[in-house]
Trainee: 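Okay, here's the structure, questions in a sec.
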2 protein chains.
Amino acid sequence: MTRSIAPGDRPEARKRLTAAERRTQIIAMAREVFVEEGVNGARSRDIADRAGITEAYLYRHFHSKDELFQLAIDEPLDRMITVLSNDTRELAARNDVDRVEVVRRTHELLLGCMVEIAPLVAAALLSGGTGKNQFYADYLFPRLRDVLALVIPDITGYPTKAIELDLFVDAMIGIHLTIALEHLLENKPVDVPVVAEQVTTMFAVGVGRRPR
Amino acid sequence: MTRSIAPGDRPEARKRLTAAERRTQIIAMAREVFVEEGVNGARSRDIADRAGITEAYLYRHFHSKDELFQLAIDEPLDRMITVLSNDTRELAARNDVDRVEVVRRTHELLLGCMVEIAPLVAAALLSGGTGKNQFYADYLFPRLRDVLALVIPDITGYPTKAIELDLFVDAMIGIHLTIALEHLLENKPVDVPVVAEQVTTMFAVGVGRRPR
DNA sequence: GTCTATATACAGATAGAC
DNA sequence: GTCTATCTGTATATAGAC
């Protein structure tokens, strides 16, 4: 029985790599597949094929598909949110920038982060599994909340109005993440500065008629 | 080998039902399991157990797990969004209600709908699978967009400001859905009228400092 | 460093008896 | 209307040769 797609179809993959190089390469390919198929849809076979090796050899480098997911999705996601956290805190601490401008930049940072992590989040969302791996609910979301809850009271007009901080945080996450996911799913790029500007306006001055 | 959990542990399930009753019951149990475990996590075995029957008999009533998902999750979701669509349109058409009040009620309707569908959406989100079943991206989201895009220009102050309609729609979906999912994941109830009121304020008059 | 062959496990689905 | 027994497909992971 001849296989229609044999490992090694990609010429550049046929090279013999060092263990470290191979690891790095596999992780990169795994990320691609996870992002395309979701965690459940991703077959370790697909990952191996794309890396130009066999499944068997893949498992020489990683103990399990789970470990691979950890390295390919979880860790990058974690790093990106750490960056966001640092950036926003740094921004909030500055005295040389107009507060209004700080708000705009915060929205920009948040949206930029969301655009970046959206593919990984989408992949993680499809993790499901046997009840464990509540990655999104137990980990990602709380971390985003913490980042924002810490920085929002300082930079926004909040608590100017009768709005719960939690609600406000949810709103910010919801808006930016939804925009990012929407554009991702429709394959449209996000013009971060422009959109961030509009969101800032929306939050700051509203869009509709004033209630009495 | 004795099974620790045998079908029929639930006394009321031991009854002989008519085919129609059994179908209805299975669908209800399926919905429970899908919601608890996500579509991938849900085992047809679990569904059968909970219905107090065997897997074999389950498959006498439904051709596939997919069909069951369709009936247990997709259709109800579809109905709920149809209701939302009708309600909002009806609301928008009324002349006897202050426009400002209409906006508030629209947020209330939307949030109420999101709270109701959140469990099903969460279940559908975990569908993943082999690349198909882009339920969320291909179906749910577009439908929500259409509902809102149709009604928003009429009821809101939009297009008062330099904000894209698409963005505005995304923002509304994002906020309400995120709030609903957040509360679901943390097992907190949503006080719909109160939260809707706050969201209305946020959209209408903003929360932060005004830009120059 | 890389492969072929295979073990293991389990889920979805069917056959046929009662 | 419901069950017992079983098949089939497929995914992760391992053993051992080269």
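Bear in mind the structure is a predicted one, so any value in this text is a computation, not a measurement.
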Trainee: Could you check how far NE2 of His61(B) sits from C1' of dT2(D), rounded to whole Å?
Mentor: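 Distance check: His61(B) NE2 to dT2(D) C1' gives 9 Å.
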Trainee: Given atom CG of Asn40(B) and atom C1' of dA11(C), what is their separation to the nearest angstrom?
Mentor: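 Between C1' of dA11(C) and CG of Asn40(B): 12 Å.
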Trainee: Please work out whether the ring planes of Phe69(B) and Phe34(B) are parallel, tilted or perpendicular, with thresholds of 30° and 60°.
Mentor: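 Perpendicular.
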Trainee: Measure CZ/Phe62(A) against P/dT2(C) and give the value in whole Å, please.
Mentor: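 It is 13 Å, rounded to the nearest whole Å.
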Trainee: Return one dot-bracket line describing DNA chain C 5' to 3' (Watson-Crick or G-U wobble pairs, both distances under 3.5 Å; ( ) same strand, [ ] crossing, | another strand, . none).
Mentor: ||||||||||||||||||
Trainee: I'd like to check Glu55(A) versus Ile47(A) (side-chain heavy atoms, cut-off strictly below 4.5 Å). Are they in contact?
Mentor: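 Of all side-chain heavy-atom pairs linking Ile47(A) with Glu55(A), none is under 4.5 Å.
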Trainee: Any chance you could measure Met29(B), atom CE, to Asp49(B), atom CG, to the nearest 0.5 Å?
Mentor: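 Here the interatomic distance stands at 12.5 Å.
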Trainee: State whether Thr54(A) places a side-chain N or O below 4.0 Å from either non-bridging phosphate oxygen (OP1 or OP2) of dT2(C).
Mentor: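 Indeed not, no polar side-chain atom of Thr54(A) lies that close.
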Trainee: Using whole Å, report how far CZ of Arg16(B) lies from C1' of dG1(D).
Mentor: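 Spelled out: CZ on Arg16(B) to C1' on dG1(D) is 5 Å.
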Trainee: Please report, rounded to the nearest Å, how far the P atom of dC3(D) is from the CG atom of Leu58(B).
Mentor: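 Taking CG of Leu58(B) and P of dC3(D), I get 11 Å after rounding.
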Trainee: Taking for each residue the nucleotide of DNA chain D bearing the nearest heavy atom, is the 5' side occupied by Ala19(B) or by Ala56(B)?
Mentor: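 Mapping each residue to its closest nucleotide by heavy atoms, the 5'-most match is Ala19(B).
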Trainee: Can you tell me how far P of dA13(C) sits from CZ of Phe69(B), to the nearest Å?
Mentor: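 Between P of dA13(C) and CZ of Phe69(B): 14 Å.
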Trainee: What integer distance in Å separates Glu55(B):CD from dG12(C):C1'?
Mentor: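 Value for this atom pair: 7 Å.
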Trainee: Output the single nucleotide from dG12(C), dT2(D), dT12(D) whose closest atom is nearest the side chain of Tyr57(B).
Mentor: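 Per side-chain heavy atoms of Tyr57(B), the pick is dT2(D).
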Trainee: Would you mind reporting whether Glu182(B) and Glu186(B) have side-chain heavy atoms less than 4.5 Å apart?
Mentor: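 Yes. Closest side-chain heavy atoms under 4.5 Å.
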Trainee: Between Ser44(A) and dA11(D), is there a side-chain N or O to OP1/OP2 distance below 4.0 Å?
Mentor: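 Answer is no, no contact under 4.0 Å.
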Trainee: Please confirm whether any donor atom in the side chain of Arg60(A) sits under 3.5 Å from an acceptor in the base of dG16(D), or the reverse.
Mentor: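 Side chain to base: pair present.
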Trainee: Identify whether the distance between the nearest side-chain nitrogen and carboxylate oxygen of Arg105(A) and Glu108(A) falls below 4.0 Å.
Mentor: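 A salt bridge is absent here (no side-chain N lies under 4.0 Å from a carboxylate O).
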Trainee: Rounding to a whole Å, what distance do you find between Ile47(B):CD1 and dG12(C):P?
Mentor: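 My rounded result for the distance is 8 Å.
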Trainee: Please examine the side chains of Leu150(A) and Arg89(A), heavy atoms only from C-beta on, and report whether any two atoms are closer than 4.5 Å.
Mentor: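 Yes, their side chains come closer than 4.5 Å.
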Trainee: Hey, does Glu36(B) have a side-chain heavy atom less than 4.5 Å from the side chain of Asp46(B)?
Mentor: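 Of all side-chain heavy-atom pairs linking Glu36(B) with Asp46(B), none is under 4.5 Å.
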Trainee: What nucleotide among dT14(D), dT14(C), dC3(C) has an atom nearest to a side-chain atom of Tyr59(A)?
Mentor: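 Looking only at side-chain atoms, Tyr59(A) lies closest to dT14(D).
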